[in-house]
Number of protein chains: 2
Amino acid sequence: MSRPSLRTLRRHEITVAFARVLARHGQAGATIAAIAEEAGVAPGLVHHNFADKQDLYSALLEQLIAGFRHRIDARATTRKEDPLEAYADAALALDESSDTIAARAWMAVFAEALSDPLLFEKMRRLLDAEVLSLERRAKGRLTTRNASAVLAYIVGSFVFGAFAPRKAAGFAAPGAKKLLRALSTN
Amino acid sequence: MSRPSLRTLRRHEITVAFARVLARHGQAGATIAAIAEEAGVAPGLVHHNFADKQDLYSALLEQLIAGFRHRIDARATTRKEDPLEAYADAALALDESSDTIAARAWMAVFAEALSDPLLFEKMRRLLDAEVLSLERRAKGRLTTRNASAVLAYIVGSFVFGAFAPRKAAGFAAPGAKKLLRALSTN
DNA sequence: ACATAGATTGGTTGTACACCCAATCTATGT
DNA sequence: ACATAGATTGGGTGTACAACCAATCTATGT
């Protein structure tokens, strides 16, 4: 009896709407009402699917990192180039249209993490995990510090992309490749 | 007759308090009341010195960039090393105590700029100006794109520093030097 | 066809904030 | 000493929001 769960689907839809509203109107403009409207849904439904705003931010962070990793994995499997260069290309494939939203959403999540200890910890763990993942991909050619530096460059390019998408698209990926070459041993 | 104006001094004090509150409690926690308390001043005084919150954010951005440039200039005049390496060292001298506040304040201003068009434009101009300043310092050894990449790395290190101060302090400056070496011609 | 559990709605409530302002205070020039 | 302009106070006001909830709807199993 009863219906199957739409929870997962709805959560995803609402999180996407959340990212769009954040990107356009920032933290202050991202009211539950605005998010609901963007998702084409009643305000109460947001609370039915998310405990509170913390929950929304947490889900958004998961979705952002999932999107990032998906881009990386999709690229790595289809090409036969150097895995580090492929990583750089995929991570920084900043087409100015769609991923400006992601870049701005990242900014908002970074800022929100300043006031939400749980989100802050989650962010730390994600950064650590991403550094580790990059180290593994490098197979010994990158130290932890150098992998961190590469990730810092990527994050910085996202910030740049949030403010000057066109420019960031121009320098991000080539710069990352050069940085990787400079930092990786042998 | 009448008293001399304390406006400039008060604005500076309140802006410093603003940065501290933002760093500790984020955008949501940075209420006028909280800022006033941190500055040891009555709430009304904040409005006496700042038109509104936009004004506060704008002043904070100016103060952050001024601090950044001051670090750079102080360093460049005292040492006789390569100007680009000096730039990297000074920009990324992230001692984990004091400048974590600045790093987090930067995050908050980035996020706020998403919802405040004036602040957004100001940020764009500041990024452009900083890229130009770096190009000049490089005396032809850096293209605009490569200077942008270096600045992106610096910004990314700030973000990293906001979340993992100790780690960022370890890799930021050395990484920047290697990036500069890889990007600068001759 | 009917019963049921979950989905969805939109109005209500309490709270917390930015901004305002009237009153008071204090340092300076005359 | 007095007058003046700015500094400073703290509470008042309206607004806007998150969170809640009672009512209604709808898909699915039986």
Side-chain angles (χ1 to χ4, degrees), chain A residues 1-22 24-60 108-109 111-119, chain B residues 1-22 24-60 108-109 111-119:
Chain A
M1 34 170 150
S2 92
R3 297 152 73 169
S5 174
L6 295 184
R7 195 148 243 263
T8 312
L9 174 65
R10 284 279 171 277
R11 279 180 67 97
H12 183 260
E13 287 173 358
I14 293 171
T15 307
V16 168
F18 184 36
R20 277 204 294 261
V21 175
L22 272 179
R24 269 206 303 279
H25 304 109
Q27 219 167 14
T31 66
I32 301 285
I35 298 162
E37 192 186 352
E38 176 75 29
V41 123
L45 189 57
V46 176
H47 279 109
H48 182 67
N49 287 284
F50 293 88
D52 50 22
K53 267 204 166 174
Q54 280 200 9
D55 197 5
L56 268 166
Y57 274 104
S58 180
L60 175 56
V109 176
E112 178 65 16
L114 297 179
S115 56
D116 178 349
L118 265 70
L119 196 62
Chain B
M1 35 169 150
S2 90
R3 297 157 70 167
S5 175
L6 296 184
R7 196 149 243 265
T8 312
L9 174 66
R10 284 279 172 275
R11 277 180 69 95
H12 183 258
E13 287 174 357
I14 293 170
T15 307
V16 168
F18 184 35
R20 277 204 294 260
V21 175
L22 271 179
R24 270 207 301 279
H25 304 110
Q27 212 168 23
T31 65
I32 301 286
I35 298 162
E37 192 186 352
E38 177 76 27
V41 121
L45 189 58
V46 176
H47 281 108
H48 182 66
N49 288 282
F50 293 89
D52 50 22
K53 267 207 163 171
Q54 281 200 8
D55 197 4
L56 268 166
Y57 273 105
S58 180
L60 175 57
V109 176
E112 179 66 16
L114 297 179
S115 56
D116 177 350
L118 265 69
L119 196 62

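Residue numbering restarts at 1 for every chain, and letters A, B, ... go by the order of the sequence lines. Bear in mind the structure is a predicted one, so any value in this text is a computation, not a measurement.
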List the atom pairs, with distances to 0.1 Å, where a side-chain N or O of residues 37-44 of chain A and a protein N or O form a donor-acceptor pair under 3.5 Å, not counting sequence neighbours.
residue: A:E38; atom: OE1; partner: A:R24; partner atom: NH2; Å: 2.7
residue: A:E38; atom: OE2; partner: A:R20; partner atom: NE; Å: 2.7

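Side-chain contact between B:Y57 and B:L118 is absent, with no heavy-atom pair separated by less than 4.5 Å. Put simply, the side chain of A:V46 does not reach to within 4.5 Å of the side chain of A:F18, judged on heavy atoms. Between A:L22 and B:L114, every side-chain heavy-atom pair lies at or beyond the 4.5 Å cut-off.
Rounding to whole angstrom units, CG of residue B:L6 and C1' of D:dA5 are separated by 12 Å. Atom CG in A:L9 sits about 15 Å away from atom C1' in D:dA27, given to the nearest Å. Rounded to whole Å, atom C1' of D:dA22 lies 14 Å from atom NE2 of A:H48. Atom CG of B:N49 is separated from atom C1' of D:dG6 by 11 Å (rounded to the nearest Å). B:E13 places its CD atom 13 Å from the C1' atom of D:dA7, with the value rounded to the nearest Å. As a whole-Å value, the separation of A:R10 CZ from C:dA7 C1' is 8 Å. Atom CG in B:L45 sits roughly 15 Å away from atom C1' in C:dC19 (whole-Å rounding).
Closest of all the heavy-atom pairs between B:I35 and B:A30 is CD1-O, 3.8 Å. Shortest non-hydrogen contact noted between B:A19 and B:L60 is CB-CD1, 3.7 Å. Summarising the geometry of B:K53 relative to B:T31, their closest heavy-atom pair is NZ-CA, 4.2 Å, with the distance given to 0.1 Å. When every heavy atom of B:A59 is checked against every heavy atom of B:R11, the shortest pair comes out as CB-NH2, 4.0 Å.
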Pairs: protein N or O with nucleotides 17-21 of chain D N or O, under 3.5 Å:
residue: D:dA18; atom: OP1; partner: A:I32; partner atom: N; Å: 3.3
residue: D:dA18; atom: OP1; partner: A:K53; partner atom: NZ; Å: 2.9
residue: D:dA18; atom: OP2; partner: A:I32; partner atom: N; Å: 3.1
residue: D:dA19; atom: OP2; partner: A:H47; partner atom: NE2; Å: 3.4

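Atom OG1 of residue A:T8 and atom CG of residue A:N49 lie 9.5 Å apart, to the nearest 0.5 angstrom.
Residue A:A42 has its side chain nearest to C:dT9 when only D:dG10, C:dT9, D:dA7 are considered.
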So what does the secondary structure string of DNA chain D come out as, 5' to 3', with Watson-Crick or wobble pairs under 3.5 angstrom, [ ] for crossing and | for pairs with another strand?
||||||||||||||||||||||||||||||
